[in-house]
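Working notes for the structure below.
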Amino acid sequence: MKRNFLTIAFSLLVVSSFGQNAQEFVNDLLSKMTLDEKIGQLNQYNGDWEATGKITPEGDKEKQIKEGHVGSMLNVMGVDKTRKLEEIALQSRLHIPLIFGKDVIHGFRTTFPIPLGEVASWDLALIEKSAHIAATEAAAYGIHWTFAPMVDIARDPRWGRVMEGAGEDTYLGCMVAKARVKGFQGEGLGHVDAVMACAKHFAAYGAAVGGRDYNSVDMSLRQLNETYLPPFKAAVDAGVATLMNSFNDINGIPATGNRYILREKLKTEWGFKGFVVSDWGSIGEMISHGYAKDGYDAALKAITAGSDMDMESRCYRDYLKQLVSDGKVPIAFIDEAVKRILLKKYELGLFSDPYRFCNEGREKQQTNNQENRMLAREIGEKSIVLLKNEPFNGKPQLPLSKQTKTIAFIGPFVKATVANHGFWAIAFPDDSLRIISQFDGIKNQLDKNSTLLYAKGCNINDNDQSGFAEAIDAAKQSDVAILSLGEGYDMSGEAKSRSNLQFPGVQEALLKAVCATGKPVILLINAGRPLIFNWASDNVPTIVYTWWLGTEAGNSIADVLFGNYNPSGKLPISFPRSEGQIPVYYNYYNTGRPAKNDDDKFYVSAYIDLQNSPKYAFGYGLSYTSFHIGNLQLSSGKLAMKGGKLNVTVDVKNSGNYDGEEVVQLYVRDLVGCVVRPVRELKGFQKIFLKKGETQTVNFCLTPDDLKFYDNDLQYINEAGDYEVFVGNSSLAELKGHFELTE
Ligand code: BGC
């Protein structure tokens with residue numbers, strides 16, 4: 001009966017919108033709304049799933065939805081629940097549907113590698129595909145909106161949220177931002193396998209002082225514009241539907257109340273047409289920042305700055321009406337925010353069919369979808385970074401033979417299942433059954449006549465060494481020991497900043513004890529960030545960085561160890577030698593006293609007790625084969641500022657013994673600028689596959705746009721002068737050319 005009533009009410013709404021375009025429809029609807037109903041659209045309430053902040057007590061949530069006081073909800077899981085809440089929303093006077101949001105960060109039913117790990121693949125097509133699969137699965141569960149991608153540039157691995165982004169580089173960050181937005185939004189809002197994306201956290205959250213989560217950010221506007229904002233701009237250019245505020249202040253103004261970034265940059269200069277949601281409670285948190293006196297003041301500052309939707313602080317719900325009647329907030333601000341939100345509801349198709357994302361059949365189809373798992377396995381393989389594969393007893397340990405007689409598999413992660421998700425995964429009750437553990441991954445591929453021994457050795461983070469003896473014994477019985485060490489999956493992510501980035505607990509002691517047996521050791525490192533593991537780097541011949549790979553972790557790892565897939569991952573972030581070296585990143589300024597090399601300490605910019613270079617450089621990663629990159633050619637010595645093009649080519653030869661993929665990277669240095677320029681900046685990359693012995697010419701096309709930067713007046717300019725170009729397979733590329741940018 002109720003359904004019938006709702007269907008009729010809805011048809012009336014749709015019929016009345018017949019022939020109207022989106023803007024007309026939205027304007028028409030807005031003209032019918034009371035101030036209370038308008039403010040209702042700006043409120044987002046949490047559902048019954050996990051929360052990442054304080055939940056404001058609600059009263060009767062369903063009553064408030066029915067009265068039109070809620071525009072969106074987050075953390076409502078499953079078609080049955082979204083349908084039920086949507087039905088309640090449609091009983092409101094104007095029958096405006098809710099939008100359901102969720103943190104679909106690296107997969108939904110199928111978990112893909114953590115975002116930072118996935119970026120190590122440098123494979124934009126696959127990155128787009130995984131976002132699309134995540135969208136397809138989430139949309140099938142009634143979700144309209146993901147709070148992803150996180151596009152924060154992060155140069156500080158102490159910050160737990162480095163795991164959610166694309167790493168330290170702006171160019172790579174822009175490319176990945178585009179790919180992820182395209183993936184989530186697919187063929188466009190309105191398709192049932194597309195969800196709205198949300199570029200977050202706007203802005204500069206990754207530059208929190210000391211890498212401590214939620215902390216302040218103080219940086220020049222030039223740095224903000226040049227390094228931290230471009231991935232957001234790239235997301236906007238790719239059509240991202242929404243943005244989310246960040247928790248931090250920027251130069252003293254909380255991002256949520258920051259008119260410069262929200263109104264001036266985003267909504268005016270970039271022409272963004274979507275809406276901005278606060279981060280969890282971030283409107284109310286402006287009180288703790290000491291920027292707003294109370295909720296009334298916080299709501300005033302947020303809406304004035306351009307934040308459209310209030311996630312969970314209730315400041316909009318409780319104070320906007322008063323602010324309007326006090327004449328503090330022009331109704332135009334409210335109208336603008338409401339229109340932006342209604343427009344997205346329209347584009348999602350919710351006004352024509354509010355239940356289009358509530359389909360049990362699709363939900364079932366996307367539960368444990370085999371094809372999606374296969375893609376997760378492939379992306380997992382490509383995300384793995386081979387850091388070291390030096391000969392032991394005369395030969396590299398990897399790839400490992402499937403006929404190896406006895407392997408000891410040791411460590412606290414070997415038999416873990418759910419942990420392979422990493423942080424920000426959506427845990428389902430059957431996860432421990434469906435996630436392939438590392439042990440099972442190896443076991444399933446190992447020859448039937450071989451033996452796989454297991455010893456846990458120790459826990460992740462305590463002092464108990466009672467398992468060492470068993471681990472040593474297993475290693476002694478084996479031909480090779482694989483150790484799986486790292487930080488816990490819940491030691492990176494939100495509110496997971498660490499001041500110590502070494503292996504926690506007694507893991508390093510376990511590693512040393514196993515190495516002392518004299519057996520060859522292969523070390524797998526599980527982590528959501530760059531860890532510091534100098535002893536291992538200097539003493540263990542074979543090191544594989546596996547991040548957190550998701551549902552298919554065990555299979556992906558086995559594929560790489562056994563050589564079914566030749567690793568091709570490259571680090572998207574520099575790995576420090578010690579915590580004291582942070583931040584360490586490849587595109588630094590030269591200073592007036594640059595060190596000539598790591599040993600140069602004579603009154604130069606250096607540490608007396610540490611090298612300047614990172615332990616592992618941005619863009620670095622090995623393969624089982626080797627590649628030779630040579631014959632750098634520039635199509636000209638000059639590039640004209642107006643419409644010029646410069647082709648840079650290199651020949652890449654697979655000079656080793658395996659087929660494989662290489663990421664060929666191009667960096668540029670602007671030698672003299674009106675402001676100091678970085679020592680090099682990534683401006684292009686290509687991932688190519690070469691059979692052993694094969695050579696391919698790779699061509700990059702540089703244009704003046706690639707060389708633009710912000711001057712001190714915040715003008716985005718080209719400047720004539722000399723440039724160097726470097727091509728290679730990491731940020732240490734040495735092959736060098738030279739050209740001039742001419743007026
Ligand atoms: C996080 C956001 C997330 C939101 C909703 C916040 O604590 O900072 O990234 O989207 O919670 O879960």
Exercise for review: Step through it carefully: locate the ring centre of Phe413, locate the ring centre of Trp548, and say whether they are under 6.0 Å apart.
Suggested key: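 Between Trp548 and Phe413, which both carry aromatic rings, the centre distance is below 6.0 Å.
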**Study point:** Check: Phe428 ring centroid to Phe108 ring centroid under 6.0 Å
**Key:**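 Aromatic pair counts; centres sit under 6.0 Å.
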Strictly by modelled atom types, are [X] and [Y] linked by a side-chain donor-acceptor pair under 3.5 Å?
X	Y	result
Glu137	Asn372	yes
Glu312	Asn46	no
Trp424	Glu164	yes
Ser537	Tyr616	yes

Check your understanding: Run the side-chain contact (heavy atoms from CB on, under 4.5 Å) check on Leu387 and Leu571 step by step: do they pass?
Key -> CA-CA 9 Å; Leu387 292 179; Leu571 299 177; 4.1 Å; yes
Under 3.5 Å, side chain of [X] to main-chain N/O of [Y], donor-acceptor pair present?
X	Y	answer
Tyr205	Asn248	no
Asp279	Phe247	no
Ser278	Met311	yes
Arg377	Glu552	no
Ser497	Asp213	yes
Arg373	Asn368	no
Gln581	Ser613	yes
Ser121	Lys382	no
Glu168	Ala154	no
Thr551	Thr111	yes

Exercise for review: Check each of Asn526, Asn555, Thr546 against Gln438 using the side chain to side chain donor-acceptor pair (under 3.5 Å) test, and report the only one that passes.
Suggested key: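 With Gln438 as partner, side chain to side chain donor-acceptor pair (under 3.5 Å) holds for just one option, Asn526.
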Point to revise | Steps toward side-chain contact (heavy atoms from CB on, under 4.5 Å) verdict (Asp103, Lys200) | key: CA-CA 11 Å; Asp103 292 288; Lys200 71 187 192 185; 3.2 Å; yes
**Study point:** Non-hydrogen atoms of Leu224 and Ala204 that approach each other most closely
**Key:**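 Heavy atoms of Leu224 and Ala204 come nearest at CD1-CB, 3.8 Å.
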Is [X] salt-bridged to [Y], cutoff N-O under 4.0 Å?
X	Y	value
Arg577	Asp609	no
Glu661	Lys570	no
Arg529	Glu487	yes
Asp538	Lys615	yes

Check your understanding: When you look at Lys129 and Glu378, which way does the salt bridge (Lys or Arg N to Asp or Glu O under 4.0 Å) test go after all the steps?
Key -> CA-CA 11 Å; Lys129 240 186 194 170; Glu378 184 185 353; 5.7 Å; no
Practice item. Assess whether atom NZ of Lys512 is packed by more than 12 heavy atoms of other residues, nucleotides or ligands within 6.0 Å. Key: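 Correct, the count exceeds 12.
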Review point. Does atom CG of Asn463 have more than 12 heavy-atom neighbours, drawn from other residues, nucleotides or ligands, at distances under 6.0 Å?
Key: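 For Asn463, atom CG is not crowded (no more than 12 foreign heavy atoms under 6.0 Å).
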Practice item. Evaluate side-chain contact (heavy atoms from CB on, under 4.5 Å) for Val209 paired with Asp218, printing each intermediate quantity in order. Key: CA-CA 8 Å; Val209 172; Asp218 205 329; 5.6 Å; no
Practice item. Evaluate the criterion side-chain contact (heavy atoms from CB on, under 4.5 Å) for residue pair Arg109 and Asp430; output intermediate values, then yes/no. Key: CA-CA 10 Å; Arg109 282 297 322 209; Asp430 63 344; 2.9 Å; yes
Pairwise distance [atom1]([X]) to [atom2]([Y]) - rounded to 0.5 angstrom:
X	Y	atom1	atom2	result
Arg155	Asp169	CZ	CG	8.5 Å
Ser492	Leu116	OG	CG	9.0 Å
Thr406	Leu446	OG1	CG	9.0 Å
Ile410	Ser478	CD1	OG	6.5 Å
Ser731	Leu682	OG	CG	9.0 Å

Practice item. Identify which one of Phe618, Tyr588, Tyr586 satisfies the side-chain contact (heavy atoms from CB on, under 4.5 Å) criterion when paired with Arg680. Key: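 It is Tyr586, the one option of Phe618, Tyr588, Tyr586 that forms the side-chain contact (heavy atoms from CB on, under 4.5 Å) with Arg680.
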